[in-house]
Each structure stands twice: as structure tokens, then as C-alpha cells.
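Numbers restart at 1 for each chain; the letters A, B, ... are given by sequence-line order, proteins then strands.
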Amino acid sequence: MNYYNVLFNIALSKSFTYKSTQNIEVGSRVLVDFNNRKKVGIVLEKTTQINIDDIKEIKEIISILDNKPVITEELIKTINFASYYYLSPRGLILRNALPSKAFSKEPINFEKNSIKKQINHQKFFNLNDEQKKIYESIDLKIFNVNLIFGVTGSGKTEIFLHLIRDVIEKGKNALVLVPEIVLTNQYKRVFEEKFLYTVGVYHSQLTPKQKFLEWLMFKKQEKRVLLGTRSAAFVDLSDTGLIVVDEENDDSYKQENTPSYNAKDLLIYRAKQLNIPVILSSATPTVETYYKASITKKFKLFKLNNRINNCELPVIEFSKPENNLLSIKSQEYIKKSIEEKQTCAILVNRRGFAHFLICGDCGYIFRCPNCNVSLVYHKKTKDLKCHFCESSFEIPKKCPNCSSYNIKDVGTGTQKMEEFLRENFGNINIARLDRDTASSKKNAYNIVSNLLDGKIDIIVGTSMISKGYDIEKINLVIISNIESIFALPDFRADEKCVSLIIQTAGRSGRKQKGNVIIESKLPSRLENFIINHDYEGFLKEEINLRKSLNYPPFSHLIRILSQNTNEKVAKQNIQQCFEILKNSGFSFLGPTKCPIDKIKNKYRYHIIIKTNDIFKTLHFITAELLDKNLNFDVDPISFF
DNA sequence: AGCACGCCGACT
DNA sequence: GTCGGCGTGCTC
């Protein structure tokens, strides 16, 4: 009789021992009886050590579902590591690692259909000298991490397209991570010109069946390039020869809720196990990445200083709006842009606590009763929405505090901006790109198509518009409400602000010299770096700042969160955590109320640990603090 | 995650 | 008396 440890996709780290007369490969899907229900599990390992005392009965595996394992030993190792590092149940990592259909009882057909032509060589542009040098310097044979740090429009994509071609010619796959779902579709067009029918996409907007098929085709090598968002970090990489993380600075690679893994970091871990190269690409790399590339030399640093066609970088100016949504200067620039039949992009920053209804008489702010965040006014649906719990509320006619009818909305939403433009510029084509309009696939696709075809005069959007769209006709970019980033309780606020501006500015003037107007006054230290397009200078100064404060990359943070519908319980749990940490010798902040102290009716308290020995700290937490009604966020990027 | 078990409040 | 609320604990 053989014994196997089986893992389920439930919120548990524990695996369960089952027996079978058959020889089963590690990574196979099996059907077993679990708590009197039939359940699909994954065989993690063969085992001989069984504590008969702990286990009442060892049940027999009902059946092996497929003729091949569904995950590799390398992925099992990755799941174990991710569970340990991110202090999350292994079963939850497993759930994130496979498409949901892999947990249904249907057998998987691993038979491979043959594919014909994979590369269209005519569609590759010639690399310029700067690009060529980088292309030739990147070693595809072994594990190494390469940062391509290039201004927007310098042709970073073209470099990795050439490298992917080489990888495919060697019979290997390539994985490309992008930050937004809309980008997978935009990239697909570009990639399919070159790699024909072998380009797959993988993200959460696919139907369960589509997602499963894309996952399977990449695994079987019917698809050779996969364009995916965060969850693609767990796809089968056994035949993969190159991993690209595009816009590596983007926050979306970090999952906000449990398991709060970082796809970029996990892929570097996997690449090391698999001995394959990684490319991180960005116009505004994170302080952490830049530090590893320039100071500790763990990564290789490649810089692209010139834009393709030697197009000049845009002129960046600051101008504070007088009394309106946009300053007179911006309005004049917009007028000119419309007359010249160019596209103008307006970024309305949504981060922070910026837009709310306020009583003009007593200052009462309308907040979500469940989440204690200000409600956002949505004109189209004529309601107030909570962006945390999605509930919507009727617009109150008068202030509940002082009964005044003088209710005003403060802050600039994308909708309000759209309306302002329609009132002031008359009959023009305005498109809006934000989480609301991009939520349906068709809609997002239409907006992007219209943009690319030059049918739009003004595009208004959130930070989504700053991510990678190559729109030639944009030569005016206006950035509004950026200062609200500083309202965030975040040591990365300066970095987020400068990087968002530089990235959005990069949308401007891809064909001819463009203009960028920032509708805020920033600290002059930051304004100087921005005007001079000196992101590297900013990074260097920021590294020193982080060092003096012992912030990442010089330390690791771990955020411990206690949430409960009962405020007393939430408080008690964080207090209990505090008592354990108090004598541990680790330095930490708190416990304090979270900046947003109530979300979805749950009261929130947190403690933030700062450590220079992450593994020692993880070990301590694993031993002392797990299963105490606490949530953990290792290397957090958000501190709400 | 489910599902059973178990101990207190509001009904027939 | 008992129906049912959801807190706690277990699943090889």
C-alpha cells in the first residue's frame, strides 16, 4: 500500500494522508472522500511517515483523474514557499495557482495538437544601436534578472519581442506579465502580428472555461507566448525559457487580500529554481528594483536613454487651477489641441480620499456607514457609491447633521471632469477610461480602438491611461489632482507621485514634441526631478532617504491586520498580538486604528513590523501568531 | 471552505 | 417545551 499527502483548495495549510494500491505521480489530481464529500485534491508527496494516533482512519483514494500530473514538483515547491513567505494557507495559494476548472472532476486531456508556423519574421522592426546592445547582452541560457530602465517610447517592448522570438525558435515558451487586463488585449494585437496564432491571454475576466483552455494550451505548448496578469505567475513553466514582467513598478502585481503574494517576486523565485532569465521593464522602476540593479548588483541594469525616432521628451509645466477644474493655461492648451485635431489625455488621479460630498455649511462629510470612507458621487447612475464595499446610496437632499441644502462635491472625479469638458468645449469626442468603463471587455476594447484610430479629441481617465498605450496622436497630457496621493499614509507616496507623472507624461508626444501640464503644486524637490525628467536622480535620492529611515529595500515590512464586526473583538485580537510581539525583540508600530478604520462593517486595527531579518520574523510569526484571527501582509504596498 | 455540533433567545 | 441563530471545531 502507498501513502500520499493530498492538498485541497481550501483555507488550510494542512495536507491530508490517503492510501492507494496504485503508484501515483506527485502533482496528480485525485478524487477522494473528504469529510463525507467527494473532493478533488492534488498529490503533494508520497509519504511513509504516518502518525496513526492522530488519524482516525486513512481513506483510500477513489480515483486518479488524469493520466499525467497537473502541476510540476517545481510548482509544488513554489506553493510551499509562497505559503510560508506570505503567511497564507497553502490551500489558498493552490486555489490561486490553478484555473478553477482544474478542481472539477472532469479529466484533463493532455494530448497536444500540432501547430504550424509560429513566427512571422517580416513583422520585426530592426533594433537601433542602443536596443541592439541590450538585446545582445541579455543571457538567455541561465537565471539572471535584467532591468530594462528606459524612458517611455524608447522601445523596451521591441527588445523583449526579439528575445521572445529567440526563445520560441529554441522550442521554449515565454511568459509576459502585464499590469492590467485591458493591456493583455492591446498587447495581443501587437504580439499576434509576430507570433501568429501562438499568443495566449490569462486573466480573471476570462470565463472559467476560457481560462482553463488558455492555461492548458500554454502548458501543452500549443500557445507559446502567454500574456497574463498577476495570477499567471503560477502557470506551468516547465517549457518556458523567458519571463518578462512589464511595467514592473505597477502595484497590481501584489495581491491585496490573502494570499497577498507578489507575482513579480514569486516569478523571480521560480526563475531561479528553473534557471531561466527574467526581464523587468519600466520607465519608472521601483526603488527596490533599482537598488538591486544599481547598488547590490543582484540584477543587471540596462538603460535606454533615447526615444525611438529621437523624439524629444515633452515639456512639463506646473499650473495651479484658479477656481475651476482646470487652469486657464490648460484650457488654452486643450483648445489648441482640438483645433489641431490631436488627442489630449487628462489623468484624474483617484487615489487617496479625494472626492466626496460635503455640507457647505457645517462641513459634514458623506461616508459609507459600512466602511467609513467617503462616498463617491456617480452622475450617470445618480447615486453615491462606496468603492470598498460596492454599496450604493441615494443622494441626500439635505445634510443629516444641520439640515442645510448646501451640499457640494469636492475633488475631481473622472465623470465630473468629463462634464466640465463638455460644457466648456462643446461638440467634441470625449472618452472616459476608468474602472467603471473598462469593466466590460467590449467597452474597454471600443475605447482603445477609437483612441488608436484617432477618433477621440479628449480621453479622460484614471491611472489606467498611464499604462502603456501607444497612441501617436497624443501630444498634450494634463494631470489633475495628483497631490491627493500625499494624503495616503504611505512611505512610498513620493515615489508613487513622481512615477505616475513621469509615466503619464510619457504618453505625450510620441511622434512630435508634446506638452504636459500638472495641475498642482508639489514640493520643489519633486518638481525639479519631474521637470528635468530625472527619474534616476529621484531614485538615488529616495534610496538615501529610505536608508536613513530603514525602510524597504533596507528592511522588510509585515502588516498584521485584525478585522472584526465587533470592535471590541478586533481590539482584543490586536492587543493579544501586541502582547506576544512586545517581548519578541522585533521593532514594530502600533497597534493603531487603520487609516480606514472600518470596511464592509468590519472594524480594523493593525500593527506594522519592520525587520532586517525577514526569515527570522516569518519563523516567529508562524510559530506564535498564526491562527489567531489575524491577517498578514508581507511586503505590503497598501496601508489602508 | 462546508458541515456538524452546541448552547442561548423568541415563538407555538 | 423546540426552532433556529451563528460561534467553534474538524475534516486523512
Exercise. Who are the ring-ring contact (aromatic ring centres under 6.0 Å, His included) partners of Phe234(A), not counting sequence neighbours?
Worked result: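 Scan of Phe234(A) (ring-ring contact (aromatic ring centres under 6.0 Å, His included), adjacent residues dropped) gives Tyr261(A).
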Specify the separation, in whole Å, of atom [atom1] of [X] and atom [atom2] of [N].
X	N	atom1	atom2	value
Ile42(A)	dC12(C)	CD1	C1'	16 Å
Arg90(A)	dC12(C)	CZ	C1'	14 Å
Leu94(A)	dA1(B)	CG	P	14 Å
Asn36(A)	dT11(C)	CG	C1'	9 Å
Lys628(A)	dG9(C)	NZ	C1'	16 Å
Lys38(A)	dA1(B)	NZ	C1'	19 Å
Asp33(A)	dT11(C)	CG	C1'	10 Å
Leu44(A)	dC12(C)	CG	C1'	13 Å

Exercise. What one-letter contact string describes nucleotides 2-7 of chain B from 5' to 3', where B marks a base within less than 4.0 Å of any protein heavy atom, S marks contact via sugar-phosphate atoms alone, and - marks no contact?
Worked result: BS----
Problem set entry | Geometric cation-pi criterion, Lys220(A) with Phe110(A): 6.0 Å, 45° |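 Because its charged atom misses either the 6.0 Å distance or the 45° angle limit, Lys220(A) does not stack over Phe110(A).
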Exercise. Relative to Tyr551(A), does Lys610(A) satisfy both conditions: NZ or CZ under 6.0 angstrom from the six-membered ring centre, and within 45 degrees of the ring's axis?
Worked result: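 Yes, a cation-pi geometry holds between Lys610(A) and Tyr551(A).
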Exercise. Please walk me through it: do Tyr202(A) and Phe218(A) pass ring-ring contact (aromatic ring centres under 6.0 Å, His included)?
Worked result: CA-CA 10 Å; Tyr202(A) 193 78; Phe218(A) 187 70; 8.9 Å; no
Exercise. Looking across every strand, which nucleic acid part, if any, lies under 4.0 Å from Phe34(A) by heavy atom: base, sugar-phosphate, or nothing?
Worked result: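 Base contact - Phe34(A) has a heavy atom under 4.0 Å of at least one base atom.
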Exercise. Heavy atoms under 4.0 Å, any strand shown: does Lys14(A) hit a base, just sugar-phosphate, or nothing?
Worked result: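 Base, at least one base atom sits under 4.0 Å.
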Exercise. Does Glu222(A) come within less than 4.0 Å of Lys112(A), counting only side-chain N to carboxylate O?
Worked result: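 Result for this pair is no, no salt bridge flagged.
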Problem set entry | Salt-bridge contact Asp236(A)-Lys219(A) (side-chain N to carboxylate O under 4.0 Å) |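 Between Lys219(A) and Asp236(A) there is a salt bridge, with a charged N closer than 4.0 Å to a carboxylate O.
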For this session: Specify the residues of residues 561-579 of chain A, ordered by number, for which at least one heavy atom lies under 4.0 angstrom from an atom of DNA chain C.
Result: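 Contacting residues: none.
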For this session: Quick one: sort the Phe366(A) and Tyr364(A) rings into parallel, tilted or perpendicular, breaks at 30° and 60°.
Result: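 The rings of Phe366(A) and Tyr364(A) stand perpendicular, inter-plane angle above 60°.
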For this session: Could you check whether the rings of Tyr85(A) and His556(A) sit parallel, tilted or perpendicular, using 30° and 60° as the cut-offs?
Result: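 Perpendicular.
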Exercise. Aromatic ring centroids of Phe34(A) and Phe16(A) under 6.0 Å?
Worked result: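 Yes, close enough.
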